[in-house]
A.B. asks: 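Sharing a structure with you now.
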Amino acid sequence: MLIFNKIYKVLRFIPPLLLGMLFISFLTSCSDTKEITSQSKPMLHTFVEIKVCGNSAEKVINEAFIEMERVNLLLNNYDRESEISKINKFSGEKAVAISPVTMDALQRAVMFADMSKGAFDFTIGPLLKLWGFSKEKAGLDSDNPTPEKINMVKELVDYRALKLAVLKNGNKTIRAAMLLKKGMYIDVGAFSKGYVADRAMEIIKNNGIKDALVSAGGTIVACGKKPDNSLWKIGIRHPRKEGSFLSFVELNDCSVSTSGDYERYFKKKNKRFTHIIDPRTGKPVNRHQSVTVIAKTGIESDALSTALFVMGTKDGIALVNSLPGVDALIINHAGKVFMSKEWPQKIVIY
Ligand code: AMP
Ligand code: MG
């Protein structure tokens, strides 16, 4: 016990960030002279892993993690001190000053909400709460919400009621955000992993690194190649067989994200209620098991995988086919496989 006390006394003076970095840190030797340096740590309610090939890899990874922490502290709606939490707290009351990063993330989120005609709506918070997804263990304490209740709460979900303003005062720029109705609530779960992974990759590239991979839960962003000169390759999880893969794809300077009904759900009377909610019906979506999107950036693949999960299969594939550099693999509720025109790997084993 005494030893544990001593260890605790030492550990509590180490900043949590550093502790996280110490959590897992290892080197993977590769066939070439170059090496992959890899570190992972818990963050964004998931595990984040960064792999870097090249000089000063440890230093670069640490900088990337620091940036991820910084951005997450601004965006995380479960952290009361974040800027997003402040916007939520003063919904219907007043505008809140926000940083350039939060403004940038929200402007991009609005773009994907527009693009998906509101299927992706980051003001989904009140409906997530209604269906029991805003607590640690998802689930309803009583019966399913009534249609009347759903309709009432749906009124609080509309990304167009987020007002963003950039004001110039001399050489000072003020950025502000406000949710127009009291009780509205932004939830960044569908795009923050992608956004934060992009920020990490930016730091890595700014350090002159050409070959790297950032993996944040269901989102991966990759650039360059592995030391053996092959592209980074990732497995796409089978939505119903844990530990099995549907397919593998090579990432050529791009990002891939998967949204799945197996990630966070509860079952009631043998029916699965998953964490992605259709803002139009106000109910958890049950038309897909998983949606994987390849796109140029993390926020794009992350936001679009959630958007397509909500949209019908036909509409989702049509949207992706209209976007250059974006592709999708959809497994519908019955296990049927759909691919966009240019989906790279045609062999999919369900
Ligand atoms: P992802 O795993 O990227 O598909 O994100 C799923 C998360 O996005 C959920 O856990 C919610 O936090 C949030 N979410 C659920 N439904 C929607 C929606 N229709 N639009 C935007 N975000 C959503
Ligand atoms: Mg997403």
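Just follow the structure's listing: the first ligand is 1, and inside any ligand the first atom is 1. None of the values given here were measured: they were computed from a predicted structure. Quick note: residue numbers are just sequence positions, from 1.
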A.B. asks: Any chance you could lay out the salt bridge (charged side-chain N to carboxylate O under 4.0 Å, His left out) test for Asp158 and Lys181, step after step, and finish with the verdict?
C.D. replies: CA-CA 10 Å; Asp158 183 2; Lys181 284 188 215 159; 6.0 Å; no
A.B. asks: Do the charged groups of Asp261 and Arg240 touch, with an N to O distance under 4.0 Å?
C.D. replies: yes
A.B. asks: Can you name the atoms of ligand 1, numbered from 1 with element, that are less than 4.0 Å from a heavy atom of Val310?
C.D. replies: 19 (N)
A.B. asks: With atoms numbered from 1 as shown, which atoms in ligand 1 lie under 4.0 angstrom from a non-hydrogen atom of Glu263?
C.D. replies: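 Counting atoms of ligand 1 from 1, those under 4.0 Å from Glu263 are 2 (O).
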A.B. asks: Does an N or O from Ser305, backbone or side chain, lie closer than 3.5 Å to an N or O of ligand 1?
C.D. replies: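 N/O-N/O distance under 3.5 Å: no.
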A.B. asks: If the test is side chain to side chain contact (heavy atoms under 4.5 Å, CB included), which one of Asp327, Ile294, Asp302 qualifies with Val256?
C.D. replies: Ile294
A.B. asks: Considering heavy atoms of the protein only, find what lies nearest to atom 23 (C) of ligand 1 and give residue, atom and distance to 0.1 Å.
C.D. replies: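 For atom 23 (C) of ligand 1, the nearest protein heavy atom is Ile124 CG2, 3.6 Å.
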A.B. asks: Flag Ile277 as yes when one of its N or O atoms lies below 3.5 Å from any N or O atom of ligand 1, and as no otherwise.
C.D. replies: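 Looking only at distances, the answer is yes, because the N/O contact criterion of under 3.5 Å is met.
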A.B. asks: Measuring from atom CE of Met68 to atom CE of Met201, what distance do you get when rounded to the nearest 0.5 angstrom?
C.D. replies: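 It is 10.0 Å, given to the nearest 0.5 Å.
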A.B. asks: State whether Asp141 and Lys135 are salt-bridged, where the test is any N-O pair (Lys NZ or Arg NE/NH1/NH2 against Asp/Glu carboxylate O) under 4.0 Å.
C.D. replies: yes
A.B. asks: If you measure every N/O of Thr306 against every N/O of ligand 1, is any gap under 3.5 Å?
C.D. replies: yes
A.B. asks: For a 4.5 angstrom cut-off between non-hydrogen side-chain atoms, does Ser99 reach Glu83?
C.D. replies: yes
A.B. asks: Please could you name the atoms of ligand 1 that Phe120 approaches to less than 4.0 Å, counting only its heavy atoms?
C.D. replies: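 Those atoms are 20 (N), 21 (C).
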A.B. asks: State which residue, out of Asp121, Ile277, Leu130, fulfils the side chain to side chain contact (heavy atoms under 4.5 Å, CB included) condition with Val157.
C.D. replies: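 Among Asp121, Ile277, Leu130, the one meeting side chain to side chain contact (heavy atoms under 4.5 Å, CB included) with Val157 is Asp121.
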A.B. asks: Distance check, rounded to the nearest 0.5 Å: Glu69 atom CD versus Leu44 atom CG?
C.D. replies: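 Separation between the atoms: 8.0 Å.
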A.B. asks: May I ask you to identify, for Ala119, whether its side chain, its backbone, both or neither come under 4.0 Å of ligand 1 on a heavy-atom basis?
C.D. replies: backbone
A.B. asks: Would one find an N or O of Ile276, backbone or side chain, under 3.5 Å from an N or O of ligand 1?
C.D. replies: no
A.B. asks: What about Phe120 and Met115, same hydrophobic cluster or not, with Ile/Leu/Val/Met/Phe/Trp/Tyr joined at side-chain heavy-atom distances under 4.5 Å?
C.D. replies: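 Result: yes, single cluster for both.
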A.B. asks: Short check: any N/O/S atom of Ala190 below 2.8 Å from the Mg ion (ligand 2)?
C.D. replies: yes
A.B. asks: Could you verify whether a donor N or O on one side chain and an acceptor N or O on the other, from Glu58 and Gln39, lie under 3.5 Å apart?
C.D. replies: yes
A.B. asks: Flag Thr306 as yes if one of its N/O/S atoms falls below 2.8 Å of the Mg ion (ligand 2), otherwise no.
C.D. replies: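 It does: Thr306 brings an N, O or S atom closer than 2.8 Å to the Mg ion (ligand 2).
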A.B. asks: Leu127, Leu162: one ILVMFWY side-chain cluster at the under-4.5 Å cut-off?
C.D. replies: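 Leu127 does not cluster with Leu162.
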A.B. asks: For atom 20 (N) of ligand 1, which candidate among Asp121, Asn77, Thr258, Asp261 provides the closest heavy atom?
C.D. replies: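 Considering heavy atoms of Asp121, Asn77, Thr258, Asp261, the nearest to atom 20 (N) of ligand 1 sits in Asp121.
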A.B. asks: What is the nearest protein non-hydrogen atom to atom 3 (O) of ligand 1, stated with its residue, atom name and distance?
C.D. replies: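 The closest one turns out to be Asp302 OD1, 2.9 Å.
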A.B. asks: Taking non-hydrogen atoms only, is Leu128 closer than 4.0 angstrom to ligand 1 via side chain, backbone, both or neither?
C.D. replies: side chain
A.B. asks: May I ask you to decide whether Arg287 forms a salt bridge with Asp278, counting only side-chain N to carboxylate O separations under 4.0 Å?
C.D. replies: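 Answer for the salt bridge query: yes.
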A.B. asks: Tell me the protein heavy atom at minimum distance from atom 22 (N) of ligand 1, and give that distance in Å.
C.D. replies: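 Protein heavy atom with the smallest distance to atom 22 (N) of ligand 1: Ala190 CB, 3.3 Å.
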A.B. asks: At a 4.0 Å threshold, what atoms of ligand 1 neighbour a non-hydrogen atom of Asp187?
C.D. replies: 11 (C), 12 (O), 13 (C)
A.B. asks: Compute the shortest N/O to N/O distance between Ser259 and ligand 1 and return yes if it is under 3.5 Å, no if not.
C.D. replies: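 The answer is yes, given that Ser259 and ligand 1 share an N or O pair closer than 3.5 Å.
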A.B. asks: Report yes if some N/O of His275 lies less than 3.5 Å from some N/O of ligand 1; otherwise report no.
C.D. replies: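 Between His275 and ligand 1 (N or O atoms, distance only) the closest approach is under 3.5 Å.
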A.B. asks: Could you tell me which atoms of ligand 1, counted from 1 in the order shown, lie closer than 4.0 angstrom to a heavy atom of Pro279?
C.D. replies: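 Here the atoms of ligand 1 in question are 19 (N).
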